[in-house]
There are 2 protein chains.
Amino acid sequence: MKKQVPTIKEIAKQLNISVSTVSRALHDHKSIGLRTKTRVQELAKQLQYEPNQTAIFFQQGKTFTIGVILPELSEAFFSAAISGIEDAAHKGNYTVLLGQSHDSVEKEKQLIETMKKHRVDGLLISISKNTNDYSHFEALRRYNIPIVFFDRIPKIPNIHYVACNMINGTVQAINFLFTKGHRIIGMINGPEKLPASKERLDGYIQAMTKDRLKYDPALVVNCDLTTAGVIAATEKLLTGKRRPTAIVTFNDYVALDAVQTARKMKLKINKDICFVSYANLPLTNYTAYPPMASVEQFPYQQGQKATETLIELLQHKSNGDTDNSNATYYKIILESQLVLHE
Amino acid sequence: MKKQVPTIKEIAKQLNISVSTVSRALHDHKSIGLRTKTRVQELAKQLQYEPNQTAIFFQQGKTFTIGVILPELSEAFFSAAISGIEDAAHKGNYTVLLGQSHDSVEKEKQLIETMKKHRVDGLLISISKNTNDYSHFEALRRYNIPIVFFDRIPKIPNIHYVACNMINGTVQAINFLFTKGHRIIGMINGPEKLPASKERLDGYIQAMTKDRLKYDPALVVNCDLTTAGVIAATEKLLTGKRRPTAIVTFNDYVALDAVQTARKMKLKINKDICFVSYANLPLTNYTAYPPMASVEQFPYQQGQKATETLIELLQHKSNGDTDNSNATYYKIILESQLVLHE
DNA sequence: GGTTTTTCCGCAAGCGTTTGCACATCCATT
DNA sequence: AATGGATGTGCAAACGCTTGCGGAAAAACC
């Protein structure tokens, strides 16, 4: 057991020069003579010297690490997002410290604590469903750790975020159905209080009322996104007074359950009844009766964009913008987009 | 802009005591008087003091961070795995530094470099498809950074790994089909040189030859896992001399493509032809003709187990087992398991 | 040859924390 | 009253690296 790992000190001793010279030589500092510079660099290579980042992190108060907190890593949406995040981070020479909250506020707080302790340079968060107290985010301000929220955004002022606007996609979806001749269009929405549900509904209303039909609340049903809930919602919609010829569903999974339900009711898919949904999961290629179209939310791009935004924020910070008094907040909205299948 | 963040020094000054006393008081060291101990702790709370982990990391040469390198975060298998990894790490008070190789050897090397620089305590890797030079892993030995491989294991001796044995599950699958009366059983396997393909084939041969049928190589076709490849393979199998009544496919995606192909050939699924596959993706619940059964590979559990193993390794290391001379290598095999659908 | 400029390098402080050791104080034991 | 053991606290080094500053040596000028 010798010196496991060579340090700058070791090099200095072997060459009989000072550590500062070695440090500068390694950084190609102009004030070091060519001769010593190459001597140092050669020995460094020979010893396989690698700077101890933890020392540098500590010394510079910067870790080149960004914390990422997501609700559920195994969900398709978030796993696509983390992929985009990692790619963007790697490109910007940052690394990703990862945590998943499992939609638990408690765990979210713990993770923030951990991230803070690790002195991440910045934080990327998609908040847990149940978070409605935002004090733990505030706590990061004194540490000067900027946060970029994405997808799931808390309703507080003065934050940076990246999100995807569902309204536009919803309007496109309805328009698409309209051009296909549908006039009675239903919607199976998510839980009423979810912001995502509200957006979809807004888009629905906006598209339906725009110089054509009027908004019939009976055509919109909320559900809890469980299979049972979806079945109930579908049945309610299809046995109602005005039976829709097309249905927009909260996401692809809902669509698939709804399709099954419709088939059990002896309806011909894409004939008696059409479906359009959100998310555009890869599985839609494989199902027997995929929705006709999906509103794509670009999770990869969202993650990527959020990361880029955060990194930009970090650059500014190190450029001497000592605090956020001159605060401009990034509010980046990606537009969702309807994607037709086959 | 004052002292953004309180340090131990700050507390010491305010209380007119030495930093060492503060440090010990904060750690409940027994040699500190109760009186000063509470004084310190109260002021610390009031100032919202939090230790600077980067300083501690540096000082202790330990980061409580484990590096994780996966080929593709957005793949269902790996996103389930990372979920298990994060959960296990969090439980053991470690955090996860994440990287994805996109199956590029180059990027894999870069990531290892980054992880090394960050001085992660240990590393968890599922190697890229194309990796066949393992020198970059060796480089970690002198840094005393243990590696646990999982799922995709390099073929080198003296390593720790966690993997899932596909043989057993394959045997179960064939047995299952056998009890259902099938005698001619085909297989659509992956690329020939993939270890995962070999294991499946081994299981297939083992089950087929065990006091029943004999192994007919014509019933096994390899494919490149693309949709086109799967279609070709399926057609070849179903138009062959001995037409199988059941087919085992490399994974669920292959199964879905194969099902489509079979249907185009006017075969009735689950009647003329049955399918069994691997992976057990959630989507199989939603497809019109899911495979009858899938061999589950427990990605979450694999990730979890690998992480636990790594953490155990780390404990031992800090317990003075200075190096791995007394090396016992963990080789942990989870058994795959057949899961019947509906 | 003296002066200025340039070139090159070392000293030392500092980042925040832990920890071995020495030291001081106090109380109890002889 | 001297000795001994607790009990509580401070000093200082160490972890590896960066960087402002000062200064020696070499090169350039008149």
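To find a chain, count down the sequence lines: A is the first, B the second, and so on, and within it residues start at 1.
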Contacts of Gln41(B) meeting side chain to side chain contact (heavy atoms under 4.5 Å, CB included) (sequence neighbours excluded), chain-then-number -> Leu26(B), Asp28(B), Lys37(B)
Side chain to side chain donor-acceptor pair (under 3.5 Å) partners for Glu113(A), two or more places apart: none
Taking only residues two or more places apart in sequence, or in another chain, which ones meet Glu308(B) in a side chain to side chain contact (heavy atoms under 4.5 Å, CB included)? Ala88(B), Gln304(B), Lys305(B)
By side chain to side chain donor-acceptor pair (under 3.5 Å), which residues pair with Ser18(A), not counting sequence neighbours? Ser20(A), Thr21(A)
Counting primed atoms, P, OP1 and OP2 as sugar-phosphate and everything else as base, the B/S/- map of nucleotides 9-14 of chain D against protein heavy atoms under 4.0 Å is BBBB--
Go through the structure and list residues passing salt bridge (Lys or Arg N to Asp or Glu O under 4.0 Å) with Glu106(A), not counting sequence neighbours. none
Nucleotide interval of DNA chain C bounded by contacts with chain A (heavy-atom cut-off, under 4.0 Å): dC8(C) to dG16(C)
Partners of Arg152(A) by salt bridge (Lys or Arg N to Asp or Glu O under 4.0 Å), sequence neighbours excluded? Asp103(A)
Test: ring pair (Phe, Tyr, Trp, His ring centres under 6.0 Å). Region: residues 11-46 of chain B. Which pairs qualify, not counting sequence neighbours? none
Residues within residues 38-51 of chain A bordering DNA chain D, heavy-atom distance below 4.0 Å: Tyr49(A), Pro51(A)
Ring pair (Phe, Tyr, Trp, His ring centres under 6.0 Å) partners of residues 37-64 of chain B, not counting sequence neighbours, each pair once: Phe58(A)-Phe58(B), His118(A)-Phe57(B), Phe64(B)-Tyr94(B)
Gln60(B): what forms a side chain to side chain donor-acceptor pair (under 3.5 Å) with it, not counting sequence neighbours? none
